[in-house]
Structure formats: C-alpha cells, structure tokens
Amino acid sequence: MRPSVMRSAAQLLRRRSYSSASGQQERKVAILGAAGGIGQPLSLLMKLNPLVSSLSLYDIAATPGVAADVSHINSPALAKGFMGDDQLAEALDGADLVIIPAGVPRKPGMTRDDLFNINAGIVKNLCTAIAKYCPNALVNMISNPVNSTVPIAAEVFKKAGTYDEKRLFGVTTLDVVRARTFYAGKANVPVNAVDVPVVGGHAGITILPLFSQATPSTNALSAEEIKALTKRTQDGGTEVVEAKAGKGSATLSMAYAGAVFGDACLKGLNGVPDIVECSYVQSTVTELPFFASKVRLGKNGVEEVLGLGQLTEFEKEGLEALKGELKSSIEKGVAFANAS
C-alpha cells in the first residue's frame with residue numbers, strides 16, 4: 001500500500017483527520033476478540049491510527065496470524081498477538097484502552113436471549129481479567145447485547161473494587177454512523193458534513209436517532225420519512241444479516257464504528273479538547289442507570305454526560321417506548337453478573 005493510500009484510509013475514520021502522533025503520549029490498545037469478524041478489520045484500522053504505539057491482539061485462537069499480518073503495515077504501532085487464557089494477563093498489562101468485540105455475532109433466527117447466553121459469560125470473564133491487570137484502562141464494549149454487557153462489566157468491576165463509571169463505554173457509534181448515512185441520502189446533503197445524535201440503547205426500539213437535531217438541518221423530510229429513517233436505523237443490523245444470507249453480520253461497519261470511537265477516546269486521553277461522541281454509559285439523563293447520549297471525552301474518560309436537548313413529539317414517544325425494554329436488559333445484565 002502506498003503511503004498516500006494508507007493516509008487516506010486513516011483519514012476516512014473521521015470527518016476530522018487523526019491528530020498528529022508527534023509529541024503524543026504512547027498509548028497501548030488491547031483488542032479482545034481480535035481474530036473475529038469484527039476484531040480483524042478493527043485491528044487493521046487501529047494499526048493505522050498514529051495515536052496507538054502498542055497494539056495487543058487477543059483471542060482464544062488465531063491471533064498470532066492476525067498480529068503477523070497487520071504488523072507488516074508500515075505504521076508506527078507495534079502489534080503483538082496473544083492467545084488463550086494464559087496469555088491474557090500479558091495482553092492487558094499496561095493497556096490504556098481495551099476494546100471488546102469478543103463473542104459470537106448475531107445470526108438469522110437467533111434471539112437476544114440466545115446471544116446473551118453465550119456472550120454474557122465471555123464478557124464477564126474478560127472484565128474480571130481487566131479488573132486485575134489494567135484496572136485504570138478505558139473499556140469500550142462492542143460485544144452484544146451491549147444494553148446488558150455494559151451493566152455486566154460494571155458489576156464485575158464493582159465486585160473487584162475497580163469500578164469507575166467514567167471509564168466504561170458501550171460503543172453505539174454504529175447507530176450514529178447509520179443514522180448519518182441514511183439521513184444524508186434522504187436529505188441529499190454531503191454525508192461527511194452530517195451529524196445525528198442517537199440516544200437510548202443499542203438494540204431495536206431502544207435505538208432512538210434524533211433527526212430533529214441533525215446537522216445540517218433540513219425541512220425537506222416529511223414525518224413519514226423521519227419515521228422510516230428511524231425504523232431503518234433501528235433495524236440496520238438485521239438489514240445486514242439478511243443481506244449476507246446467514247453468512248455474517250455487520251462486521252465491517254462495526255469495526256469502522258469501533259475504530260472511530262476508539263480514536264475519540266485516545267484523543268480525549270491525550271487532552272484534545274471538545275471531543276463529543278454518543279455512547280452508552282452510566283447516566284442520570286433519564287431514570288435508567290445506563291443510557292446512550294452525547295458524552296464529552298477527556299483525560300479521565302467521561303468528562304460530561306450531555307442532556308437530550310429539545311425533542312419532537314415523535315422522539316418523546318420513542319423515548320418513553322424504549323424505556324421498558326432497556327430497563328429489562330440492564331436488570332438482566334446485573335442479575336447475571338451477581339448470580340455467582
């Protein structure tokens with residue numbers, strides 16, 4: 001790959017290009033589940049990030065090959081693969097940011113309970129190790145169902161005495177990415193200039209895009225078009241699963257979204273001002289203990305959880321409609337974490 005092509009690929013990760021690596025503090029990023037469908041492209045994208053000095057790739061199998069592959073890319077991050085329980089400690093030691101795409105993807109016919117029953121245990125075990133080997137790291141949770149796995153992680157960290165609500169994030173960036181893309185197409189505006197906050201959770205009706213707050217704003221969309229855009233954003237994962245005919249889920253777009261949010265976290269750690277992204281975090285924005293909204297990032301992780309702003313009647317209805325399901329998902333995660 002020519003250097004100019006590599007730079008272009010890196011710059012696509014954000015509307016603003018990456019910060020310069022010169023003079024930045026060295027940062028270690030660990031990806032847990034690095035050999036999977038999301039993990040491999042995510043590893044590639046984080047290898048391209050000049051804010052990363054050390055890239056630790058962990059999975060139960062195949063990570064030495066993934067690490068060898070991405071290590072040949074002429075970017076500064078040093079990549080190393082780790083495999084199996086006995087190498088997890090070394091993979092995590094000294095990490096500033098841990099990104100977790102580990103677990104099984106959603107497949108056709110798979111219920112949320114099916115997904116939960118497999119991934120909840122994986123997340124619990126990995127978070128137990130994080131609490132032991134890198135308790136001060138920022139943790140970006142991608143493993144689904146995020147509405148439940150973030151509360152699981154919080155409970156594990158509480159039990160270990162390491163919980164800091166400012167350092168735990170559910171990655172909901174893919175919902176934002178989809179909302180931006182779908183809105184730009186309907187509003188006929190340049191997609192790179194679009195921003196759409198997405199609040200609530202990260203599954204089905206708990207995903208609430210606030211198109212009334214989209215920028216650039218437009219009066220060209222009818223109420224029915226807004227409703228259809230909302231439904232498409234909520235069903236974006238299903239759209240990809242069906243399009244892949246049972247042979248995969250939204251791995252590439254999720255890897256991109258994970259890299260965007262990981263980059264934002266690194267910028268915040270490095271003191272870059274005014275880094276704001278949507279994320280599923282501990283929150284008092286609603287009566288629910290976890291909720292996705294705009295979050296200002298900084299040197300300690302969450303610097304400020306921002307409010308919802310003014311909502312339309314349609315958005316207010318969506319907010320009330322999502323609360324029951326999101327509450328149930330949170331309680332399910334907490335119960336699982338405390339069951340043993």
Side-chain angles (χ1 to χ4, degrees), residues 27-49 52-73 75 77-107 110 114-135 137-146 148-150 152-153 156 168-171 174 244 247-259 261-263 265-266:
R27 296 295 182 188
K28 177 177 177 178
V29 175
I31 299 177
L32 308 184
I38 298 170
Q40 290 200 41
L42 178 59
S43 298
L44 167 65
L45 294 171
M46 295 310 291
K47 178 67 169 75
L48 292 173
N49 191 321
V52 180
S53 57
S54 175
L55 186 60
S56 181
L57 306 180
Y58 173 84
D59 214 320
I60 57 173
T63 29
V66 176
D69 197 354
V70 299
S71 72
H72 293 181
I73 296 169
S75 62
L78 298 177
K80 186 175 180 181
F82 300 90
M83 187 171 66
D85 291 344
D86 57 341
Q87 294 185 6
L88 181 54
E90 187 181 355
L92 291 171
D93 184 48
D96 297 290
L97 172 64
V98 180
I99 309 176
I100 310 178
V104 300
R106 217 171 112 210
K107 298 175 183 176
M110 181 179 279
D114 294 335
L115 196 64
F116 178 91
N117 291 336
I118 299 170
N119 288 351
I122 295 170
V123 166
K124 186 176 181 180
N125 290 338
L126 292 174
C127 288
T128 299
I130 290 168
K132 185 174 182 180
Y133 300 114
C134 57
L138 301 190
V139 177
N140 290 2
M141 185 68 68
I142 292 175
S143 302
N144 274 316
V146 166
S148 297
T149 54
V150 169
I152 289 171
V156 170
L168 176 60
F169 303 87
V171 180
L174 181 52
K244 290 187 174 182
K247 296 181 180 179
S249 59
T251 52
L252 300 177
S253 53
M254 184 63 249
Y256 166 79
F261 190 73
D263 177 60
C265 287
L266 292 172

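Note that the coordinates shown come from a computational prediction; the quantities given were computed from them, not determined experimentally.
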Original post:
Do any pairs count as a side chain to side chain donor-acceptor pair (under 3.5 Å) and have a residue in residues 55-66, sequence neighbours left out, and if so which ones?
Top reply: none
Original post:
What residues, two or more places apart in sequence or in another chain, satisfy side-chain contact (heavy atoms from CB on, under 4.5 Å) together with S249?
Top reply: P105, V241, T251
Original post:
Residues in salt bridge (Lys or Arg N to Asp or Glu O under 4.0 Å) with K80, at least two apart?
Top reply: E90
**OP:** Evaluate whether atom CD1 of I60 has more than 12 neighbouring non-hydrogen atoms of other residues, nucleotides or ligands under 6.0 angstrom away.
**Re:** no
Subject >> Non-hydrogen atoms of G258 and V171 that approach each other most closely >> reply: CA-CG1, 4.3 Å
**OP:** Identify the heavy atoms of G170 and V146 that sit nearest to each other, and give their distance.
**Re:** CA-CG1, 3.9 Å
Going by atom type alone, with no hydrogens or angles, which donor-acceptor pairs under 3.5 Å involve a side-chain atom of residues 97-104 and a protein atom two or more places apart or on another chain?
none

**OP:** Write out all pairs satisfying side chain to side chain donor-acceptor pair (under 3.5 Å) with one or both partners inside residues 93-104, taking only residues at least two apart or from two chains.
**Re:** R27-D96
**OP:** Would you name the heavy atoms of M141 and C127 that are closest together and state the gap between them?
**Re:** CE-SG, 4.0 Å
Original post:
Side chains of L32 and L92: does their closest heavy-atom pair fall under 4.5 Å?
Top reply: yes
Subject >> Value rounded to 0.5 Å, distance of CG in N119 from CD1 in I142 >> reply: 12.5 Å
Identify every side-chain donor-acceptor pair in residues 35-47 under 3.5 Å, counting partners at least two apart or on other chains, and give the distances.
| unit_1 | atom_1 | unit_2 | atom_2 | d |
| --- | --- | --- | --- | --- |
| Q40 | NE2 | A35 | O | 3.0 |
| S43 | OG | G39 | O | 2.7 |
| K47 | NZ | I73 | O | 2.9 |
| K47 | NZ | S75 | O | 2.8 |
| K47 | NZ | S75 | OG | 2.7 |
| K47 | NZ | A77 | O | 3.0 |

Subject >> Rounded distance (nearest 0.5 Å) linking atom CG of L78 with atom OG of S53 >> reply: 7.5 Å
Subject >> D85, CG: over 12 other non-hydrogen atoms inside 6.0 angstrom >> reply: no
**OP:** Tell me, yes or no, whether the heavy-atom count around K244 atom NZ, taken from other residues, nucleotides or ligands under 6.0 Å, exceeds 12.
**Re:** yes
Original post:
Between the side chain of S143 and the main-chain N/O of V123, is any donor-acceptor distance below 3.5 Å?
Top reply: no
Original post:
Which heavy-atom pair separates G262 from N140 by the least distance, and what is that distance?
Top reply: CA-ND2, 3.8 Å
**OP:** Compare all side-chain heavy atoms of L126 with those of L88 and state whether any distance is below 4.5 angstrom.
**Re:** yes
Original post:
Where is the tightest heavy-atom contact between A95 and A30, given as atom of each residue plus distance?
Top reply: CB-CB, 4.2 Å
